[in-house]
Amino acid sequence: MATSTLKIAAIPGDGTGPEVTAEALKVLDAVSSIDAFAYDVEMLDWGGDRYLKTGEIIPEGGLDLLRSKHAAFLGAIGHPDVAPGILEKGLLLELRFKLDQYINLRPVKLLPGVETPLAGRGPQDIDFVVVRENTEDLYCGVGGFLKKGTPDEVAVQQAIYTRKGCERCIRWAFDYTRKRNSPKKTLTLVAKTNVLTFGHDLWWRTFQEVAKEYPDVKTDYNHVDACCMWMVKNPDAYDVIVTTNMFGDIITDLAGILQGGMGVAAGGNLNPDKGGVSMFEPMGGSAPKYTGQNVINPIAAINAMAMLLEHSGHPKSGARIDKAVAHVTGTKMKSQAAGKMGYGTREVGDLVVAALQ
Ligand code: IPM
Ligand code: MN
């Protein structure tokens with residue numbers, strides 16, 4: 001892939017999504033000329049505005065269009081005039097499910113100069129990765145109402161776990177832990193086996209079985225509630241966490257704030273199979289009230305672009321961006337919170353570009 005043109009679909013999305021996407025693309029352009037690779041970006045106008053105009057979220061042929069690319073980049077979705085859930089389910093979750101992006105990879109790394117709410121902690125203490133299953137669990141949309149709107153109403157929303165779904169995620173997490181090769185070399189399963197005695201029993205048994213194939217990787221287990229406590233108390237104890245979709249959603253917001261918040265946190269929705277298309281995104285939302293103000297931190301989007309390159313055959317370019325970002329946060333920026341960066345969105349993009357060489 002490294003020798004052919006890297007084909008990317010970019011969905012800038014809603015609110016401030018387009019502004020941060022522009023900075024990520026600016027950095028992509030700069031790194032592509034330094035490392036001499038060709039790329040092509042097709043911009044897609046999917047999101048709230050298009051939905052309000054046309055009633056369509058993913059246009060016909062949209063999934064096949066994405067399948068023809070090496071990777072996708074998503075800015076942010078969420079529009080003040082669209083009811084909650086419509087774009088989330090119709091776009092983000094639809095893409096995760098239909099493209100079978102079964103790994104949600106969320107690195108949690110405190111960069112130099114970035115503030116964490118944890119007193120006395122620095123970059124050496126906060127450097128772990130959450131591997132979140134991304135296609136099952138309470139997210140599968142199975143359920144329904146009975147007697148809706150009456151006093152006897154019943155609502156059912158089911159968590160579905162399959163052997164295939166948890167096994168492929170757990171195996172990928174073991175491989176990743178092995179490759180990451182941190183001195184801890186530990187994969188921690190986070191679940192709730194003491195209460196979810198069916199679904200999480202499947203996870204537990206699968207984890208134990210797959211672990212036998214990885215004698216060089218240490219294993220650990222945390223109940224999800226205890227994990228929330230340990231993550232605050234001893235973040236330095238974690239190396240790689242593997243967990244279910246719903247718990248992964250929750251603990252990665254906690255983890256995200258430990259690394260400085262939504263201005264820096266990025267993630268990848270991976271389909272690691274041959275020919276699979278992965279999608280990378282800053283973790284933050286569309287922050288519509290800040291649209292056009294040049295105040296949103298683009299570092300998260302730039303980090304997402306670094307991940308895209310790392311997972312699409314250009315790991316050196318991804319690492320080059322990581323290094324430039326750490327230089328900028330460590331030496332130039334005041335704080336990573338929105339509006340307090342000391343620079344505007346575009347200026348931060350320029351600083352990263354200048355630090356790439
Ligand atoms: C995330 C988000 C999504 C999720 C929402 C927007 C559907 O919170 O990527 O973590 O719950 O997965
Ligand atoms: Mn979330």
Side-chain angles (χ1 to χ4, degrees), residues 11-17 20-21 24 46-48 51 57-58 66 71-109 128-143 157-161 165-166 169 190-191 224 227-228 231 241-271 277-288 296-297 299-301 303-305 307-308 311:
I11 308 166
D14 305 318
T16 55
V20 297
T21 301
W46 307 355
Y51 170 70
I57 301 181
I58 298 178
L66 293 188
F73 184 94
L74 177 66
I77 50 153
H79 193 291
D81 302 334
V82 179
I86 304 225
L87 296 167
E88 289 84 347
K89 279 179 104 165
L91 202 137
L92 184 59
L93 299 182
E94 182 74 3
L95 293 180
R96 287 177 182 171
F97 293 170
K98 290 280 166 63
L99 298 175
D100 206 18
Q101 295 167 335
Y102 57 87
I103 301 294
N104 194 326
L105 181 65
R106 298 193 158 173
V108 183
K109 192 174 164 65
F128 59 94
V129 177
V130 179
V131 177
R132 164 186 173 190
E133 199 289 322
N134 213 27
T135 56
E136 301 194 335
D137 204 352
L138 285 162
Y139 279 77
C140 61
V142 172
Q157 186 108 35
Q158 284 184 321
I160 291 189
Y161 306 101
C166 67
C169 176
V190 170
V224 65
C227 170
C228 292
M231 201 180 272
I241 288 173
V242 64
T243 190
T244 59
N245 202 350
M246 188 76 254
F247 289 171
D249 177 48
I250 297 165
I251 68 170
T252 54
D253 264 34
L254 175 60
I257 200 70
L258 302 187
Q259 70 175 124
M262 294 303 151
V264 293
N269 303 276
L270 312 183
N271 178 335
V277 179
S278 303
M279 177 170 69
F280 300 83
E281 44 170 343
M283 257 177 63
S286 60
I296 295 293
N297 191 344
I299 294 284
N303 285 342
M305 184 58 76
M307 288 182 78
L308 184 154
H311 290 271

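Both counts, for ligands and for their atoms, begin at 1 and track the order of listing. Just so we're clear, the structure is a prediction, and the values are computed from it rather than from any experiment.
In this structure a side-chain-to-backbone donor-acceptor pair under 3.5 Å is present from Q101 to V277. S286 places no side-chain N or O within donor-acceptor distance of the main-chain N or O of G15, the cut-off being under 3.5 Å. D137 places a side-chain N or O within donor-acceptor distance of the main-chain N or O of M246, the cut-off being under 3.5 Å.
Distances from the Mn ion (ligand 2) to each N, O or S atom of D249 single out OD1 as the nearest.
Nearest protein neighbour of atom 10 (O) of ligand 1, counting heavy atoms only, is D249 OD1, 2.9 Å. Nearest non-hydrogen protein atom to atom 6 (C) of ligand 1 is E88 CG, 3.7 Å. The nearest protein atom to atom 5 (C) of ligand 1, hydrogens excluded, is given as L92 CD2, 4.2 Å; this is a heavy-atom distance. Of the protein's non-hydrogen atoms, Y139 OH, 2.6 Å is the one closest to atom 11 (O) of ligand 1. Of the protein's non-hydrogen atoms, R106 NH2, 3.3 Å is the one closest to atom 1 (C) of ligand 1.
Metal site remark for the Mn ion (ligand 2): D253 contributes no N, O or S atom at a distance under 2.8 Å.
When heavy-atom distances to ligand 1 are checked against a 4.0 Å cut-off, M246 has no atom that comes that close, whether in backbone or side chain.
By the 4.5 Å heavy-atom criterion applied to side chains, E133 and V242 are not counted as neighbours.
A distance of 6.5 Å separates CG in L270 from CD1 in I103, rounded to the nearest 0.5 Å. The distance from the CG atom of D81 to the CD1 atom of I86 is 12.0 Å, given to the nearest 0.5 Å.
Under the 4.0 angstrom criterion for non-hydrogen atoms, R96 is in contact with ligand 1. For the ligand labelled ligand 1, residue R132 lies inside the 4.0 Å heavy-atom shell.
The heavy-atom pair separating I77 from L87 by the smallest distance is CD1-O, 3.4 Å.
Checking only distances, E281 never comes within under 3.5 Å of ligand 1, N or O to N or O.
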Could you check H311 against L105 for side-chain contact (heavy atoms from CB on, under 4.5 Å), going step by step and ending with a plain yes or no?
CA-CA 11 Å; H311 290 271; L105 181 65; 3.6 Å; yes

